[in-house]
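The chains referred to below are lettered A, B, ... by the order of the sequence lines, with proteins before strands, and numbering in each begins at 1.
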Amino acid sequence: MTTLAPPLNSPSRSSATVGLVTPGKFAIWLFLATEVMFFTGLIGSYIVFRAGSSPRAYSNLYPPATDLSRTRDTVGIVIEDAGPDPDKVAFELVDAHVVGGAEEAKRLMDTAPHGVVGGLTNDKAADLVHKIEVASGHARIEPLKTQKWPLPYDDLTNPLAINLTAANTFVLICSSVTMALALAAIRQGKRLKSSMYLLATIVIGSLFVGVQVYEYNSLMFVHHYPVGISPTGHFRPDVSLFASCFFTMTGFHGAHVTAGVIALILIFLRSLVLGGYSAQNHAPIEMVGLYWHFVDLVWIILFTIVYLI
Amino acid sequence: MTSQVETSSSAPVGHGQGDDHIHPAPRNMLSRYVFSSDHKVIGVQFLSSGLIFFVIGGLLAMALRWQLAWPWKPMPILSRMLWSDPSLGYQMPPEFYAKLFTMHGTIMIFFVIIPILNGGFGNFLIPLMIGARDMAFPRLNMVSYWFMPPAMVFISYSFLVEGGAPEAGWTSYPPLTIARWATPGSLNGQTFWLLAVLCAGISSLLGAINYLTTILMLRAPGMTMMRMPMTVWGLFVTAILQAFALPVLTSALVMQTLDRVAGTNFFSPTGLAVANAPAVVGGGGPILFQHLFWFYSHPAVYVMILPGMGMVSDIIATFSRKPLFGYKPMVYAIGGIAGLGFIVWGHHMFQSGMNPAVGATFMLSTMMIALPSAIKVFNWLGTMWGGRIQFTTAMLNAVAFVAMFVIGGLSGIFMAASPVDMHIHDTYFIVAHLHYVLFGGSMFAIFAAVQYWFPKIFGRMMNEPLGKLHFFLTFITFNCTFYLMHIVGMHGHLRRIADPTVYESLRNSGVTNMNQFMTYSAFALGAAQILFAMNFFWSLAFGPRAAANPWHANTLEWETTSPPAYYNFARIPVVHHAPYEYSVPGLEVDFLPQTKPLPPAAMLHPVNS
Amino acid sequence: MVVRNWSFLFALVAVLSVAAFLYAPFSPDWWLPNPHSAPGHSVSSMGREIDLLFIVILLITGLVFIGTQVALVWEAFTFVDQLDEQGKPKRAASYFHGDNRLEIVWTLVPAVILVFITIYQFGTWARIKYPSRNPKVPPLAEITARQFQWVMRYPGPDGRLHSPDDLILINDLHFVKNQPTLIHLKSSDVIHSFFLPQFRLKQDAVPGLTIPVWFDSDTAGSFELACAELCGWGHYKMRGNVTVHETEAEFAKWTSERIGEQNRDQLDLATDGEAR
Amino acid sequence: MNHAPDAVAGVDHDEHRSPYLRAWAALAVLTLVEYFYASIFRDVLGVLVIGLVFWAAVKAGLVGWFFMHLNQERAWVYLLIGPACLLAVLLVLAVYPDVAMQPVDGEAPNAAQALKTGS
């Protein structure tokens, strides 16, 4: 423990504070350790919830957490294409009394190619598929499949867009490297270059937040999802435990990124001032950098366990 | 956070490292006494707000005791003013009883003991005892305090919202807390409770980061870790507990808040429907909250006792005029408590439906944590052995801490034995145990610490005779109030019930008489605290001026003026030896301040063991 | 001299503490682990084990308590600072920092005792709580806790739970003396806790889980069932009755009576409806 | 991306920069690897989880080691982060049996159960 104290009267060897303990740096690492524990609370809960979820918690034909004990023998249909005239298909659905009304049928058309109608007998499903084909739509019979948790690429239970988020992951990684380069530049005394890298980090970080806001917006308000994802058609925190975990974890991560962007804007503005930072004095850049890389690191984990697994 | 780090790190690093640059005190009264970044002012702010809430929490306890002794009997005067209406015959509604114990527990833990011991004394003492000018991050320190007032507003305001204050106990177990219609307090009050505890938690967390950095980086020259006073060790280990355990509670509280306000499903099982409210989707697990909660809240028990243990060690050594017995074992014991403290939380959940094999593991670790506590008690006894014990008020309170902590510690072994815990869990045995630790322990430590450091904080001495009277009454009435709870608890008296007479086994005269006796004692205990308040305020205004070192103690805070100047030390002190060199043979006086070089005539024993 | 009196205060509290625990077993109103004849004694096999364990721990902790308090009081009496006429201390304080051998002794001895207690109680814990050690009997009843009552569902004549002939009662638990009895514990809203004080048994009822709980009784008679986990404003009144029958036949008679009553009531209701 | 205008740089410049750019390239490649790994093994849960956790750990390690300069820090950093990671693992392991291994109610979820009880 005693070795933690900074060496007394040590000649400041170089401009670099790497490898040297300053109170600020110690505190930021300690803060990151507390952040590790905070995200442990969230991610750990997600892991145990997921591992302990009932094997029949999610299904392709019914909303999450539906009691499936009385629906074992039913099948559903998936409307893959509403055809040139969706109204005709919608009419068939209303006519067959499988949806509540014209409005619900209309919403189902919006959900295509994943418009799910569940709770049908085999005969009725075949009949309905036939009628939809006649109405120049396209549908298929879907047997009931239950699962523990929404799997990636499973469009009937999982609404998350992996391609977009994979690209967004790359965006955040890029912001991490510009952050590292900003620190490297100021260590060499290249103030303008450092400022430009900071600006780049801000722009790329904001891009990440922007994409996440776009994703949230489409999940919660824009898109209509099949019933296996949400009974209401929209993917919101209350529709399933999966949604709760997803929004809480990515939401808190997003809040951390936003806080990081604000901190970056502050140090960027200061870096523009003459004498703001120099090769000898750039601790804030290093500290915000550590925070920023940590947030990047958390995202790498979140992207893997929430989107891909 | 980030901007705080920024500003403080751009200041010259390491005030404590022999840098004698003195900052002038701010001239503005607002930035000097209100929005102050001076650790001493912040310490006093924590201390005073904690004492105010001590009054509130204590009054809630009085109302609780009234209902237990005389169930449903209207309280004179108060019942008309506070909770009831004529249609109820001014009886206390049962949900109000639940509000009382919930708020009593919450306030005493999160707004009294933790803020006073850690926020108050931690802030005041750490820089002074290690010989620093201030905390490592003074402005972060200020932010840490100013997270408390919103917390206090939230917790107080919860009484006024529809449905009233929360009533799920300070443990706040879901689904009672997340189903809004489960009980009146869960309608709105619980949300304010969550916000209040979140704010208090952030305050503690920022403080912990500050303390750890300060203790590790800003010690005066010569102040090695093994020369730090036990108070600093206690606060140091406490800060470690806070830093690593509190974020988990934060995440649990965040999840519970979201369950309440955003409809998430973390702690509601599949299809949960409470009190005819529509069923939620659910899928989560109520037991998970208990795990996450106790992962912090068990270490929080040590957060509430370790600083007290440190302070009591200092006070006992000073007034025994003797070196602390077994300094290093004491340090290792604190470390052991902290290390084990992270892996014993499950003993709060033996009956919760947890896996019994996991329970058995927690039972073993819980038994083991009794060990460092025992070592500490034996070392305190060893410290007093052969000393010249001066029974000042501070010393009396410190000795009472030891005596009461023994009871609280030993009764803990009953609960650690999980089969016995089957019977005494959620009974008054637990209530007795926790009050022996938290009142008999932490509060006596606070009384001792206030009496001991009052001269340093305010520059005036407290009144000794009045202090002794307060101690005498408090010690007697405290035991009368809480000791019999062991016995009614073993008798099967449940905690958190508004009316024990519902149960046949609790309707007999023995239990009723004990309940009434405990209530009378509790009122006396409450009344005795008026003496403390009188002593506090009278001494603040009229107490005799204190010398720099009125107790002839060795640690660094006594080497500066009382009260200390804004910059603490005119010159950063240089530390020459361990903090407890009392009665060194060959010296004129019986104390040897840490800053004083050893005279050639004397020789110190090595602080080995 | 007067300074020594403080030691008497500490002594007084310690003596009264011990006295309270010594008196308690002799007063039926005070204390549960009391002789078999007294009301409120423990009636289950696990209860006797737990009481024994309690007494073992009480003896150990009691000795430690007496030891530390004697040391504390003796120190407060003997080593108190006394001043002579000139105001000088009569005696100098000793100067030592500790003793390694002593530290090792008072670390190892409590460690051994604590490990002993842990191992000693482990069998009881496993016997009571491990599902694999539950008695291999069909469940007596499914007990569902809800705000603020216990819903007891007994299997009807067909012996199966969740069949139409189930007997459903509120706050009324019946079983037979000297038979290991298994129940399935559930909750339909918040967390409750199934507490039988005289059986020394406690188990939380958690919504979403079905927890098997077993107990027995060596005494026929009526006892109390309490809710031990805060469950809302009415927590204090969530009380149930427990009746232990002397013989299997008595229990069967009671069951058939109750089932008859349940059926008759429903029939009456139905015919009432028709009549209107 | 974001190549600064003075691309022609001295030797020491490259010494500072190249590890970051190489780490960045490795992270980009690993993200692609993860992406394709996940789409290939989407139906084999065990392989999927083990592989992806491994790739994620490698990526997190790269960020920590190069960007956060763990390669240049001393023991004290590990004294802070190590216990946190240890506690994180411990917490999840201790909670796992109680949340993830509880027997799933075979019959019906609780709400339906309550309905039945009431009927």
Item checked: Stepwise side chain to side chain contact (heavy atoms under 4.5 Å, CB included) test for D:K59 and A:I173 -> CA-CA 10 Å; D:K59 283 170 79 181; A:I173 287 171; 4.2 Å; yes
Margin query: Working note: D:E73 + A:K25, criterion side chain to side chain contact (heavy atoms under 4.5 Å, CB included); need CA distance, chi angles, decisive distance, verdict.
Written below: CA-CA 11 Å; D:E73 295 293 359; A:K25 216 168 118 181; 2.8 Å; yes
Margin query: The test is side chain to side chain contact (heavy atoms under 4.5 Å, CB included); show your working for A:I309 and D:V53 and say whether it passes.
Written below: CA-CA 9 Å; A:I309 293 182; D:V53 167; 4.2 Å; yes
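Comparing A:A180, A:G44, A:A185 by how many heavy-atom pairs each has under 4.5 Å with chain D, the most go to A:A180. Listed options D:V89, D:I81, D:L32 were ranked by heavy-atom pairs under 4.5 angstrom with chain A; first place goes to D:I81. Annotation: maximal heavy-atom pairing with chain A below 4.5 Å, among D:A23, D:C85, D:S39, occurs at D:S39. Interface remark: of the candidates D:V92, D:V99, D:L48, D:V99 forms the most heavy-atom pairs closer than 4.5 Å to chain A.
Within the 4.5 Å cutoff, side-chain heavy atoms of D:L80 are placed close to those of A:F26. Taking the side chain as every heavy atom from C-beta outward, A:V36 and D:L87 never approach each other to under 4.5 Å. D:Y35 has its side chain within reach of A:N163: a pair of non-hydrogen atoms, C-beta onward, lies under 4.5 Å apart.
The minimum heavy-atom distance between A:T304 and D:A56, with the atom names listed, is OG1-CB, 3.4 Å. A pairwise comparison of heavy atoms in A:Y153 and D:A38 identifies CE1-O, 3.9 Å as the closest pair. The shortest heavy-atom contact between D:Y20 and A:L181 is CD1-CD2, 3.9 Å. Nearest heavy atom pair, residue A:A33 against residue D:A84, reads O-CB, 3.9 Å.
Separation of atoms CG (A:L290) and CZ (D:F67) is listed at 12.5 Å; rounding is to 0.5 Å. The line from CH2 of D:W76 to CG of A:L30 is 9.5 Å long, rounded to the nearest 0.5 Å. Interatomic distance, A:L183 CG to D:M68 CE, rounded to the nearest 0.5 Å: 12.0 Å. With values rounded to the nearest 0.5 angstrom, D:D43 atom CG is found 8.0 Å from A:L151 atom CG. Within the model, atoms OH of D:Y37 and CG of A:L308 stand 11.5 Å from one another, a figure rounded to the nearest 0.5 Å. Interatomic distance, D:L45 CG to A:K148 NZ, rounded to the nearest 0.5 Å: 8.5 Å.
Residue contact with chain A, scored on non-hydrogen atoms closer than 4.5 Å, involves the side chain of D:L91 exclusively. With a threshold of 4.5 angstrom between heavy atoms, D:L70 approaches chain A through side-chain atoms but not through N, CA, C or O. Contact annotation for A:F303: only side-chain heavy atoms (C-beta onward) come within less than 4.5 Å of a heavy atom of chain D. Of the two parts of A:S176, the backbone and the side chain both hold a non-hydrogen atom closer than 4.5 Å to a non-hydrogen atom of chain D.
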